[in-house]
Amino acid sequence: MKAIYILWFRQIKRYSRSKARIIGSLGQPLLFLVALGFGFGPIYTKAGGGNYIQFLAPGIIAMSILFTATFAGIEVLWDRQFGFLKEILVAPVSRVEIMIGRTLGGATVAVVQGVIVFCLSLIIGFHPTNLTLLPLALLYMGLIAIMFTALGTAIACVIEDMQGFQLIINFLIMPTFFLSGALFPMESLPKAVRFIAAINPLAYGVDALRGILVHGAHLGLITDFTVLTSAAVAIMVLGSYLFSRMQV
Amino acid sequence: MPDADSSTIISVTDLTKTFDGITAVDHITFSVKAGEIFAFLGPNGAGKSTTIKMLTTLLHPTGGTISMGGHDPADSPHKVRRTFGIVFQDPSLDEELTAYENMEYHGILYNVQKDKRRQRTKELLTIVELWDRRDDLVKNFSGGMKRRLEIARGLLHHPSILFLDEPTLGLDPQTRNLIWNYIRELNKSEGVTVFFTTHYMEEAERVAERIAIIDQGKIVIQGTPDELKSRTKSASLEDAFIGLTGRNIRTEEPSSLDRLRVRRKFFRKPGR
Ligand SMILES: Nc1ncnc2c1ncn2[C@@H]1O[C@H](COP(=O)(O)OP(=O)(O)OP(=O)(O)O)[C@@H](O)[C@H]1O
Ligand SMILES: [Mg+2]
């Protein structure tokens with residue numbers, strides 16, 4: 001337990017000391033919010049979709065969590081390069097604890113980013129319909145963050161070089177993002193594409209956030225919760241195994 | 001099979017490690033008694049670090065058996081990890097944290113109680129002369145300061161076996177003396193078994209009770225310094241080494257080559 005706590009705390013400490021990271025990773029979501037929000041807004045409204053910012057904001061919050069969380073895996077590679085990974089691996093700590101500690105650390109950072117993006121979206125004109133549901137939104141943000149941090153961390157256990165890691169992550173992240181319903185509704189898409197959305201965990205996260213912040217979820221919060229949680233648990237199990245196989 | 005009496009704490013039989021084609025460690029057999037100071041002496045690339053990594057669960061052997069305090073690292077890595085502390089040859093600190101935080105986090109990972117952790121941290125940081133710099137980020141430390149911090153950290157949780165992989169590389173002579181005196185004292189007072197690697201003959205001879213000379217993955221001879229000298233009919237360990245391997249190992253003091261070597265490690269690609 002203490003090991004999980006200290007691995008988590010270490011990542012929070014490192015994050016809070018790196019102002020560049022905090023500010024740098026806000027650029028992209030802000031750009032998406034402003035450019036897409038104001039750019040496509042009028043077309044979306046004309047097509048009878050309503051206020052586009054209302055539709056877009058939950059998707060961009062999910063996006064910023066997706067990006068921050070998956071890329072958090074790269075910290076394993078930094079630790080490998082700077083040698084601290086050896087210190088963690090020889091410690092009498094179960095590999096499950098290592099996986100959980102690292103995942104929670106990265107996920108917390110991702111949720112913080114998500115909350116900052118949420119606040120930015122308020123400035124741009126997003127109106128959550130029910131502010132009392134914010135804690136629930138936070139829960140789902142946490143689930144998205146945990147699932148994707150675990151994924152990034154597990155991948156970092158296998159891919160040992162930075163460029164390779166970034167390539168793979170980009171390769172995974174882009175379709176995950178575009179086919180999640182974050183930018184446009186998935187209902188009108190061809191069946192084949194909708195199938196991809198059905199196996200895309202982020203689609204469930206976006207659905208839940210939109211449901212909570214704006215109006216009822218299509219897939220249902222329970223389904224969203226179940227899918228995100230089972231995916232997260234499965235990847236954590238895999239990650240723990242990969243940590244136990246790791247050699248440095 | 002090395003004698004497996006109760007005083008044997010590390011026992012290694014036919015241990016082998018190959019990295020795609022290269023045999024780094026080649027069927028070595030040796031044992032270390034509880035409470036002794038044991039040295040691996042050998043030139044660059046001899047297989048010293050690879051052996052330590054296998055003993056400390058960081059690498060999986062290709063062949064052979066290991067027993068660490070009665071446990072096999074392959075079957076019960078967790079039990080093995082409880083038994084030792086280690087100072088790696090390559091850097092292993094979190095440079096974005098302060099010296100104190102590095103100690104504190106280590107103590108928590110090893111489940112050292114808060115009071116003990118604080119007290120021991122102060123004691124150790126004072127010995128390595130870093131107590132006044134405890135709140136500085138490690139990335140602002142010099143190479144020698146980082147080394148001293150790593151040594152302090154490796155001792156924090158009172159391990160029963162202490163692995164030191166070229167611990168004094170890059171340290172000035174005074175600090176080297178200070179550290180070795182402290183480690184010997186610790187060995188006497190707490191009975192810590194010390195396993196260190198070095199390529200400084202005089203260090204091995206002065207500090208170690210028993211030495212194994214390793215070259216190209218093989219142990220060429222092992223015994224007390226006196227035994228090694230008498231068995232090779234040499235006046236010094238240096239002559240013994242030349243006699244056994246046909247080569248010189250290197251000079252006693254850290255040379256500019258050492259410093260180059262340390263630097264090279266930083267630029268080595270991760271994973272290799
Ligand atoms: N991860 C690895 N992949 C491939 N080869 C490796 C790896 N680690 C070590 N080797 C090789 O194994 C051999 C032994 O290396 P090792 O690091 O154990 O030597 P050493 O005795 O510690 O030397 P030094 O005094 O330079 O530290 C070398 O030939 C080295 O190139
Ligand atoms: Mg070495």
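- Here the closest non-hydrogen pair linking B:Thr57 and A:Leu89 is OG1-O, 4.4 Å.
- Remark: B:Ile108 CD1 to A:Phe9 CZ distance equals 8.5 Å, nearest 0.5 Å.
- Heavy-atom pairs under 4.5 Å with chain A were tallied for B:Leu59, B:Asp94, B:Thr83, B:Leu93; the largest tally goes to B:Asp94.
- Between the side chain of A:Arg10 and the main chain of B:Glu101, no donor-acceptor pair closer than 3.5 Å is present.
- Residues A:Arg17 and B:Leu97 form a side-chain contact, since some pair of their non-hydrogen atoms from C-beta on lies under 4.5 Å apart.
- Top candidate by heavy-atom pairs under 4.5 Å with chain A, chosen from B:Ser92, B:Pro77, B:Gly154, is B:Ser92.
- For a residue to count as touching a neighbouring chain, one of its non-hydrogen atoms must lie under 4.5 Å from one of that chain's; by this rule A:Lys2 touches chain B with backbone and side chain alike.
- Contacts of B:Ile86 with chain A are made by side-chain atoms alone, with heavy-atom separations under 4.5 Å and no backbone atom involved.
- Along residues 100-116 of chain A, no residue comes nearer than 4.5 angstrom to chain B, judged on non-hydrogen atoms.
- Here the closest non-hydrogen pair linking A:Ile6 and B:Leu109 is CG2-CD2, 3.8 Å.
- Crowding of A:Phe195 atom CZ: a count of heavy atoms from other residues, nucleotides or ligands under 6.0 Å not exceeding 12.
- Of the listed residues (B:His60, B:Glu104, B:Arg82), the greatest number of heavy-atom pairs within a distance under 4.5 Å of chain A belongs to B:His60.
- Rounded to the nearest 0.5 Å, atoms NZ (B:Lys53) and NZ (A:Lys86) are 6.0 Å apart.
- The NZ atom of A:Lys13 sits 4.0 Å away from atom OH of B:Tyr105, with the distance rounded to the nearest 0.5 Å.
- For A:Arg14, the part lying near chain B is the side chain, with the backbone staying farther off; criterion is any non-hydrogen pair under 4.5 Å.
- A 4.5 Å side-chain heavy-atom check between B:Glu96 and A:Trp78 finds every atom pair outside the cut-off.
- For a residue to count as touching a neighbouring chain, one of its non-hydrogen atoms must lie under 4.5 Å from one of that chain's; by this rule A:Arg95 touches chain B with the side chain only.
- Within a 6.0 Å radius of OH in A:Tyr241, no more than 12 heavy atoms belonging to other residues, nucleotides or ligands are found.
- Between B:His106 atom NE2 and A:Glu87 atom CD the span is 5.5 Å, to the nearest 0.5 Å.
- Shown here for B:Tyr110 and A:Pro92, the closest heavy-atom pair between the two residues is CE2-CD, 3.1 Å.
- In this structure, CG in B:Asn102 is found 6.0 Å from CZ in A:Phe84, a value given to the nearest 0.5 Å.
- Counted within 6.0 Å of CE on A:Met174, heavy atoms from surrounding residues, nucleotides or ligands total more than 12; the atom is thus considered enclosed.
- From B:His78, atom NE2 reaches atom OG of A:Ser244 across 13.0 Å, with rounding to the nearest 0.5 Å.
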